[in-house]
Amino acid sequence: MNKTKQFDYTPRYYDARKERIQNMRKAYDAEANATPTEQQLRLREKMQNAWSIESSYTKQSRSANIRLIIILAILLLATYFILDYVDIFTAEIIDLENP
């Protein structure tokens, strides 16, 4: 008689935290074993990345503020013209009532 097939299945579990910790350990081990010039290059790259993120945030903030000022100016002008038109319209109605 033929024997049934046996499967050797081992379930896998993915732990994102554990993988992140392992990656951090590898990075720190690489820094510990690096030469001083490599350490300086890594530090320079980190600083440039931090500054570029900060400068991009500043640019986005500045453009958002300018956009807000433009929108407020347009709304104020539209309100002014609408209210001015209402005053002209009411003046014409009053003139029509008093012949």
Side-chain angles (χ1 to χ4, degrees):
M1 286 187 101
N2 292 335
K3 291 186 177 180
T4 58
K5 291 185 179 180
Q6 293 183 353
F7 294 100
D8 187 24
Y9 174 73
T10 55
R12 296 180 185 173
Y13 176 73
Y14 175 73
D15 190 5
R17 182 175 177 264
K18 185 177 179 181
E19 184 176 349
R20 188 175 62 242
I21 291 171
Q22 287 176 348
N23 289 338
M24 288 174 63
R25 283 184 183 162
K26 287 179 186 177
Y28 287 126
D29 288 341
E31 276 190 35
N33 297 334
T35 63
T37 56
E38 290 174 346
Q39 289 177 352
Q40 287 177 350
L41 289 174
R42 285 189 185 135
L43 180 62
R44 185 174 295 151
E45 287 176 8
K46 287 180 184 179
M47 290 174 65
Q48 287 175 348
N49 289 339
W51 287 341
S52 67
I53 290 171
E54 184 178 334
S55 67
S56 69
Y57 174 74
T58 304
K59 288 178 186 176
Q60 290 173 354
S61 176
R62 186 177 301 133
S63 66
N65 288 339
I66 290 172
R67 190 179 319 124
L68 180 66
I69 290 170
I70 290 171
I71 291 171
L72 286 176
I74 291 170
L75 287 174
L76 286 174
L77 286 172
T79 305
Y80 173 75
F81 286 124
I82 289 172
L83 291 177
D84 189 37
Y85 179 74
V86 168
D87 287 341
I88 292 171
F89 184 69
T90 55
E92 289 178 2
I93 291 176
I94 292 173
D95 287 340
L96 291 175
E97 291 176 356
N98 297 327

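Here, residue 1 is the first one in the sequence, and each next residue gets the next number. Note that the coordinates shown come from a computational prediction; the quantities given were computed from them, not determined experimentally.
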Quick one: pull up [atom1] in [X] and [atom2] in [Y] and give me the separation to the nearest 0.5 Å.
{"X": "Leu43", "Y": "Gln48", "atom1": "CG", "atom2": "CD", "answer": "10.0 Å"}
{"X": "Ile70", "Y": "Leu75", "atom1": "CD1", "atom2": "CG", "answer": "12.0 Å"}
{"X": "Arg62", "Y": "Asn65", "atom1": "CZ", "atom2": "CG", "answer": "9.5 Å"}

(message) Who clusters with Leu68? Use side-chain heavy atoms, under 4.5 angstrom, across I, L, V, M, F, W and Y, and order the result by chain and number.
(response)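 Reading the cluster by chain and number, Leu68 sits alongside Leu72.
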
(request) State which residues pass side chain to side chain contact (heavy atoms under 4.5 Å, CB included) with Thr79; sequence neighbours excluded, sorted by chain then number. (result) Leu83

(message) Can you pull out every side chain to side chain donor-acceptor pair (under 3.5 Å) where at least one residue sits in residues 13-22? Sequence neighbours excluded, please.
(response)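 Matches after skipping sequence neighbours: Tyr14-Glu19.
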
